[in-house]
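Each remark here refers to the structure printed beneath this line.
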Amino acid sequence: MNLPGLSLCLFILGAKLPWGIMYYNNHTIIAYPVGQWLLKMVLMVEVTPDDPTVTYGSDVTLTCSHDDTINAANLTIEWTTTASNTDLSSVAMTSDTSSTLTLSNVDLSRTGTYTCDVDDDDGTIEGTDSIVLTVNPPPPRDISISPPSPSVEYNNSTTITCQVTSLTTPNITWTTTATAGITSQPVVLASSQGSDVYTSSLVLTGVTLDSIGSYTCTATNQGGSSNTTAMLNVTVPPPSVSIPDDNVTITYGMNLTLDCTVSSVFLPLTVEWRFGQMVIKTMNYTSAPTGPLQVSVTSVTGSNAGVYTCVATHDHGTDSDNVNVIVYVPPPSSLTITPTSLSVNHSDTATFTCTVTSLTTPNITWTTTATAGITSQPNVLASSQGSDMHTSSLVLTGVILDSIGSYTCTATNEGGSIDTTAMLNVTVPTSGVSLTPPTLEIYYNTTLKLNCTVFSVTTPTINWTTTANITIPIENIVTMNTGNMYKSVLTIDNVDLNYTGLYTCSSTNQGGTEIPVPTVSITSSPMKYVTYADTLSIMCNVTSLMRPSSIVWYHNDTLISSGAQPNFTATGAPNTYTSVLVRDNVVLRDNGVYRCQAENMAGIGAANINISVFVPPPVILDLNDINATIGLNITLNCTASGFGLTYQWEQVPCGPGCITNGFETPILSVGPIVFGSAGEHVCNVTDFIGQKVSKIITITPLGPTLLSSNVSNCAATPIQVINGTNEFLECSFQNRPDAPYNLTVDWFISSQRFGSPRASNASTFVTTTPEDENRIVTTMISFNPVDYLNFISEDISSFEHAYTCTAYIGDFFNEQVTIGPVLITGPEENSTAILGDKFMFRCDPDYSNPRPHLQISKILTNGTELNLYTGQSKLHSIMNVAFDDAGNYRCVLTNDYGRTESNFQLIVQSVPDQVTGVTVTWNVPSSNFGRDQRYNVEYRLLLAEASSSNITGLTDPSYLLTDVALNVNYSVVVSSNNEVGRGPPSDIQILWELPPLFRPTGRRPAEIGQYVLNYRVNGRDTPVSVSSNSLNHTIESLVPNTEYIININVEYSEPQGFKGNTVSITAKTKPADNLPEVSTNLSSSNINNTINPSIQVKWEPLSPEDGSEFLQRYIVRVNVTDLAASRGSRRRRQTNPVMTTLEYNVSNAESQFDFTDIKPFMSYSIGVNAALLVDGLEREVPITRPTSVDSPESTPTAPTNFRFTEINFTYVQLAWDPPEPQNGIINLYQIDWERGGRGDSIRSILPDIRSIRVSGLTGDVTYTFKIKAQTSAGFGNEAEITNSTYAGVAPFAAPTLVENTEHSDRLNVLVGSFSYSYGQLGYIK
């Protein structure tokens, strides 16, 4: 290469130097030694081409040359490179001064610096040059998009992946022709398929129609770029329509609601409901519809049956779904024929009315087994009894014997058919048969002629019979008629003795032979009671035209043994017989139904009576309260009447030394009686069936009687005596006349018996008389004089003593009278002060040496004392007297020898204010929940029915009642109203105006002593302490949601004992706000699926502020209501179902209770109360308001009282009562029946139906019927009955009697005969 800027040799003067090399711009300057001079020559080295860039896979040749042709043989050219994986074996010397390096099929690893060094023989580099070879990669290849033609649904997401092969990491960009564009470029990721494979995934979310277009992926590297394109297509799916059911069955007359669920990603959307081809409802949506889209049809009929289609449409598609609505018309129900059995006379008119319940108008047809048939079908008419009732009346005129048979009414509608049958009987009446003459006596060898007359609507057959020893020749009988009157004449010539006897004429027509059935009655009410161990007597009266063949008695359908059967006798009345059943000393097994049954040739008649054996409960005959003298032994006699009695006295201790015996006998021994024997003794008497009676006897021990005393017998009332005076205390006792002990009396002074060192002084004497003939003892203790100095001792430092007069009976019984305490004080005075004036106390002792020390204090209402003055002054003043200064005061004088005191009362008087009325105030509600709040005040006389005043629209929480009368009770109700309605009453605060103060003539002005306030709840009064000068008071600790009656009165201190009028108001506290925390495991719709069902109740423990110190226990109260009674069908639903209350006591340390007594389908209202013991009285305070939990349904129990009410040869009528308990709401009943392994059923019987007829049965076959009920939890247990149908039609059934009813008519007897007997035919010679 050229060496620019250097064209001449450099000569350097100096010493001899070694060879050296210099560099200039990568060119070598060579120095040659020349004698003493050093000549340096330049060696030029050049590599070509200069910094080449080649394509991946091509060949490249690099040439290195220098210009030292002179010394070329001593120089070596060497190649080096920084490129990796480069083979330098392809170096070739093209001349003495040049060398080539050829690189074939270069790849990226050949990129690097290539250096050519020119070395001399000793390895010294004489020259060097370098170039940089750059190998560019090929442009990206194998570029592809997956999927190549993506298609995605509207509003969905899709991912398009571009994959490219590149030797270096390419830059991949996406472009599109779609209007929506591309918001951000995805990152380029190395693929797992190979080190040269790269991917870029474009994610499109919520695609719309604007996302349609071409999407191009362009990959670029150093070698160039490549691209490929995919087309995105966006499809809009049609709406999705779904109807839950393919078929819906709805009962005729019910309301139909169909649900259609529609979803669509594209809007707007139009939804239509179509019935057939008719659009019945259209809905347009610009936002996605939520919830089911419904169409409703009220009171469906048969015309509403068919296919309903829900169609959803938008611009890109349509979808629909169908539901087939089937209108179920229940078959007719409650089909009845009235009458069910009819008997009419020949040629009369018979009418049967068929009444059927059907939701649609049924087709009613009549069929009959009678030969006469039915000529025409009657019309079907709507009944006046209800819209679902329909009637058809079959009228048969001029009935004949061919009209006899069964008549069946069949009602048919869309749901099926039902039928029922009635029987028609036609009677052919006959008149009585009369024979003339009634009695006859004829002579031997004369002619016998008897006339028999018969009335009959058809030709009768007249027969003659006789008890005579002959055969009546037919030729001797002549029969003739005129209309319906027939006459038969029997003529016998030349009679002899063989013709003597009874002759009978009987008549039979097409109706048969009529014979009267005996009529039976029992001379008693249908139900009779007989006392245990008494005699039972039942009389049965039988009426029969012929003597009964038997009259027998049954007990509970069992024939009474022949030995106990009574005989029957004829009475004095014609055709009347009687039978009397007598049972002595009846017992409980004699309970039951007794039947008297009489039988004659025509049939059987019977009557029943129900006999109950009554066991009277025990009666305690003589047990009265006893007053018993102390020391005696007594007995308590509990004699009782009854059967199988046992006695049990409740064990009550009778005191020390007293013993009680005979607790299981009628007589209880108690004694000897002591004062501790007082109390109640209970005698319990139980008979053999467990009937129990109790009676209480009270024993009152009687001791000596206090006849007289000169002081009050009240230990709390001080007896004032004045120091230095003579005083005495006296009492007299009378012993009981029957007392076994003598009476002694003694005195105690401050609990110490008189005469003991502590109860002795020089001036006190006791005098006692012995028991006289009246058993009276008198004792007196005298103070001569009263001297407090004589009471001073080491043990007694007070001059206040309690004196007890004690009566002793024997050694250990006593009665005592306490008198005292005795206070040795000066005289007591009362003082009066005027409001605002000055008042001066003066406490001056009668005698004191040395001078006493004075203390003045005020006695407060709670018994404590407020010290006002302490010192030696005798005077103390109150400036500007106020009402608070009124009250009781005490002066206490103390010196070295003791103390004395005096009490007095200060009365403060003033002119009273004018009375204006009674003010009622109330607290503002804590929450209003409305905009406009007003108050209402209603008040009326307590016993009045209508309000006397109603004040509305008040804004302030108080009101002055000015028109109230004195001494009259009022009821006041205060409520808060807003625009929503009326709220509950608030807490109670009572205010009142000053009452009028009377001023009786001649007396000083009246003075208020105190206000008397009390409130009443549940019949119990609670007094409230109120200050005398206070005109308001707040009553606290009341029970929430409770009505209170509050009374306020005033007691006057002047005039003393005078009271004012009472004012009353009534108010109700609001309910408690907090609810107990209730949790339960009743999560299933069927309680049978819940294991160990329970309700957990938690509450906040009572806090000290709420009175936890008075808490005795918690009371969890659970009110239980049967939901089946309150939520059942409207026809059976109870307006006020019975509610049962359960109570559970919980320890005051607990705040949780698990209620496990859970039954199916019950509502449990749970509240918690706190039982507080305050002032010895226990009361309940609710701490929560009730909350409710409903238990789920269960399968019902079996229906009750399943029974046959009618049995025929082709049908039975069944009846039943609902299950008890129901355990849920009964949805339907199902009846199944079977015979010999074959059966059928009636399903879906409505829950209000209690009776149904099962038709199409076979006569004389035993059927078993089963019934079960269903709730939402499923079917329950079955009830089962079995019976047989009748063998066939019985149009001429024997007459029966209604139980205990006397019959005098004949019951549609078709077969009858009248017979008349002459009596005994006599023969006279």
Side-chain angles (χ1 to χ4, degrees), residues 147-160 176-184 202-215 230-329 359-360 414:
S149 299
S151 179
V152 62
E153 285 192 354
Y154 185 91
N155 202 35
N156 281 358
S157 299
T158 186
T159 300
I160 308 174
T176 182
T177 61
T179 306
I182 297 174
T183 57
S184 62
L202 178 64
V203 179
L204 303 176
T205 59
V207 299
T208 65
L209 296 180
D210 290 339
S211 303
I212 297 175
S214 63
Y215 288 79
M231 290 299 299
L232 175 67
N233 182 35
V234 177
T235 61
V236 180
S240 175
V241 179
S242 174
I243 297 177
D245 301 306
D246 295 334
N247 296 281
V248 172
T249 300
I250 184 73
T251 301
Y252 185 97
M254 302 296 290
N255 295 331
L256 170 66
T257 298
L258 299 177
D259 293 341
C260 173
T261 302
V262 177
S263 62
S264 176
V265 298
F266 190 83
L267 296 170
L269 178 71
T270 299
V271 180
E272 292 179 344
W273 272 102
R274 301 174 183 174
F275 178 50
Q277 300 300 319
M278 179 177 61
V279 177
I280 58 176
K281 187 175 183 179
T282 302
M283 296 160 281
N284 296 313
Y285 295 93
T286 58
S287 60
T290 59
L293 311 181
Q294 296 180 332
V295 66
S296 298
V297 180
T298 58
S299 300
V300 298
T301 64
S303 62
N304 300 121
V307 177
Y308 289 75
T309 304
C310 179
V311 182
T313 304
H314 58 52
D315 292 342
H316 298 274
T318 299
D319 191 24
S320 63
D321 197 5
N322 298 331
V323 57
N324 183 31
V325 174
I326 302 169
V327 178
Y328 168 68
V329 179
L359 295 180
T360 60
E414 297 89 332

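Start at 1 with the first residue, then count along the sequence. Values reported hereafter were calculated over all heavy atoms of this structure, with side chains retained and with hydrogens, waters and symmetry mates removed.
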Side-chain donor-acceptor contact under 3.5 Å, [X] with [Y]:
X      : Y      : value
Asn322 : Thr309 : yes
Thr270 : Asn284 : yes
Thr177 : Ser214 : yes

Exam field: side chain [X] to backbone [Y], donor-acceptor pair closer than 3.5 Å:
X      : Y      : answer
His314 : Val236 : no
Asn233 : Ser151 : no
Lys281 : Gln294 : yes

Open item on the list: Would Asp319 and Ser240 count as a side-chain hydrogen bond (donor to acceptor under 3.5 Å, both in side chains) here? Give the steps.
Closed with: CA-CA 6 Å; Asp319 191 24; Ser240 175; 4.6 Å; no
TODO: Taking atom CE of Met231 as the centre, report whether more than 12 heavy atoms of other residues, nucleotides or ligands fall under 6.0 Å from it.
DONE: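 Yes, enclosed.
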Look up atom [atom1] in [X] and atom [atom2] in [Y], then write down how far apart they are to the nearest 0.5 Å.
X      : Y      : atom1 : atom2 : value
Asn255 : Ile250 : CG    : CD1   : 7.5 Å
Asp259 : Ser296 : CG    : OG    : 8.5 Å
Leu256 : Ser299 : CG    : OG    : 11.0 Å
Thr208 : Asn155 : OG1   : CG    : 9.0 Å

